[in-house]
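Heads up, the thing below is written out as structure tokens.
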Number of protein chains: 2
Amino acid sequence: MRPSAKKIASLLSQKGYKLTAQRRAVIDVVVNSHEHLAPAALYERVRRTHPAIGLVTVYRTLEMLHELGLICRVHRGEKHGYTLAPSGHHHHLVCTECGTVADFTGCDLEALQQRLSQQTGFKIEGHLLQFLGYCRDCQGGT
Amino acid sequence: MRPSAKKIASLLSQKGYKLTAQRRAVIDVVVNSHEHLAPAALYERVRRTHPAIGLVTVYRTLEMLHELGLICRVHRGEKHGYTLAPSGHHHHLVCTECGTVADFTGCDLEALQQRLSQQTGFKIEGHLLQFLGYCRDCQGGT
DNA sequence: TTATAAATGAAAAACATTTTCAATTAAGTA
DNA sequence: TACTTAATTGAAAATGTTTTTCATTTATAA
Ligand SMILES: [Mn+2]
Ligand SMILES: [Mn+2]
Ligand SMILES: [Zn+2]
Ligand SMILES: [Zn+2]
């Protein structure tokens, strides 16, 4: 269940963040787009309703939302894509042809993580998992 | 078992690549360093024996070696680190404090991959897996 | 209303990576 | 060995993303 802009906003002020027009604008765009958009693309959309906003602010807001676990990030080479975090922990399947992203849950890495902790002595705090391939539409072509 | 510079070189010419002094120099550095170095760091080292080399050539050579599966890449935010690929398919544990990287094998994602293929219709060609945490030396600090 | 720390945004800086293109060169062929 | 040529190189500029700086603005609590 996707959180609403209202819910996110109240969570922010609860955490002591100021509720600025810019933050609301970024949150609105994130909530209303279902793709994993890059900061620049989100910036473009935010500017439609809030032309004076700075790209920096978009970056800062995304960073903040990401730290709070409210949005998720997909890795595409140098670029990042952000979208609302669906329901908690999840990962991505990325089409290397068209860029489509599909979310999935149930990565089931606990056993592996435990083994690695023992073998290496690392205290593991998180992981990055992403599958790459061709989405249904991009198979069969060149 | 780490492949030797000679082995890599002969593989390249076998594949139709020219064996240039620059490529040899990059390969030598990669073979002789056990860290996952960024292109800029590798460039620095290569320049010690080959001062005239261009950073572009380092990038191009790393790209080529990576395509051929001869070196592996670790993802650290925007930067990449490269090192000789140990024995085939493996992944990384990265210390978010000091940057230490540990390799591991046995990611065991086949079952998950199969499930995702069925659920999403993606034709999965590869994956990106990385654990993040604190290495032994960086635990207990701040 | 006032005080104040947080937040903003323009501009510049910092990086990493890629593109361009003229000059060079490895390696096969005569 | 002396060509021939396509591959390779590297300087420079371009690209593109993200961060830093710092003066100005503003949300929020008192
Ligand atoms: Mn997602
Ligand atoms: Mn490795
Ligand atoms: Zn696709
Ligand atoms: Zn460490």
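Values reported hereafter were calculated over all heavy atoms of this structure, with side chains retained and with hydrogens, waters and symmetry mates removed. Throughout, protein chains are lettered first and strands after them, A, B, ... in sequence-line order, and every chain is numbered starting at 1.
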What integer distance in Å separates [X]:[atom1] from [N]:[atom2]?
{"X": "B:Ile53", "N": "D:dA11", "atom1": "CD1", "atom2": "P", "value": "10 Å"}
{"X": "A:Tyr82", "N": "D:dT17", "atom1": "OH", "atom2": "P", "value": "13 Å"}
{"X": "B:Lys15", "N": "D:dT8", "atom1": "NZ", "atom2": "P", "value": "14 Å"}
{"X": "B:Leu55", "N": "C:dT17", "atom1": "CG", "atom2": "P", "value": "9 Å"}
{"X": "B:Tyr59", "N": "D:dA13", "atom1": "OH", "atom2": "C1'", "value": "16 Å"}
{"X": "A:His50", "N": "D:dT25", "atom1": "NE2", "atom2": "C1'", "value": "12 Å"}
{"X": "A:Glu63", "N": "D:dT19", "atom1": "CD", "atom2": "C1'", "value": "11 Å"}
{"X": "A:Met64", "N": "D:dA27", "atom1": "CE", "atom2": "C1'", "value": "14 Å"}

Original post:
Which word best sums up how the rings of A:His89 and A:His127 line up, parallel for under 30°, tilted for 30 to 60°, or perpendicular for over 60°?
Top reply: perpendicular
**OP:** I would like to know whether B:Asp103 and B:His92 meet side chain to side chain donor-acceptor pair (under 3.5 Å); could you show each step before the answer?
**Re:** CA-CA 5 Å; B:Asp103 291 313; B:His92 301 120; 3.1 Å; yes
**OP:** Kindly give the heavy-atom pair with the smallest separation between B:Tyr134 and A:Glu125, and that separation in Å.
**Re:** CE1-OE1, 3.2 Å
**OP:** Let me have a per-nucleotide readout for nucleotides 23-30 of chain C, 5' to 3', with B, S or -, counting only protein heavy atoms under 4.0 Å.
**Re:** --BBS---
Original post:
Which part of the nucleic acid, if any, lies within contact of B:Ala52, taking any heavy atom under 4.0 Å across all strands shown: a base, the sugar-phosphate backbone alone, or nothing?
Top reply: sugar-phosphate
Original post:
Which part of the nucleic acid, if any, lies within contact of A:Arg60, taking any heavy atom under 4.0 Å across all strands shown: a base, the sugar-phosphate backbone alone, or nothing?
Top reply: base
**OP:** For atom OH of B:Tyr43, decide whether the heavy atoms of other residues, nucleotides or ligands shown that lie under 6.0 angstrom number more than 12.
**Re:** yes
Could you check if a side-chain atom of [X] sits within less than 4.5 angstrom of a side-chain atom of [Y], using non-hydrogen atoms only?
{"X": "A:Ile124", "Y": "B:Leu93", "value": "yes"}
{"X": "B:Thr120", "Y": "A:Phe131", "value": "no"}
{"X": "A:Ile53", "Y": "A:Arg47", "value": "yes"}

Original post:
Considering only C:dT17, C:dA7, D:dT18, which nucleotide approaches the side chain of A:Arg23 most closely?
Top reply: C:dA7
Original post:
More 5' along DNA chain C: A:Thr61 or B:Val56, using each one's nearest nucleotide?
Top reply: A:Thr61
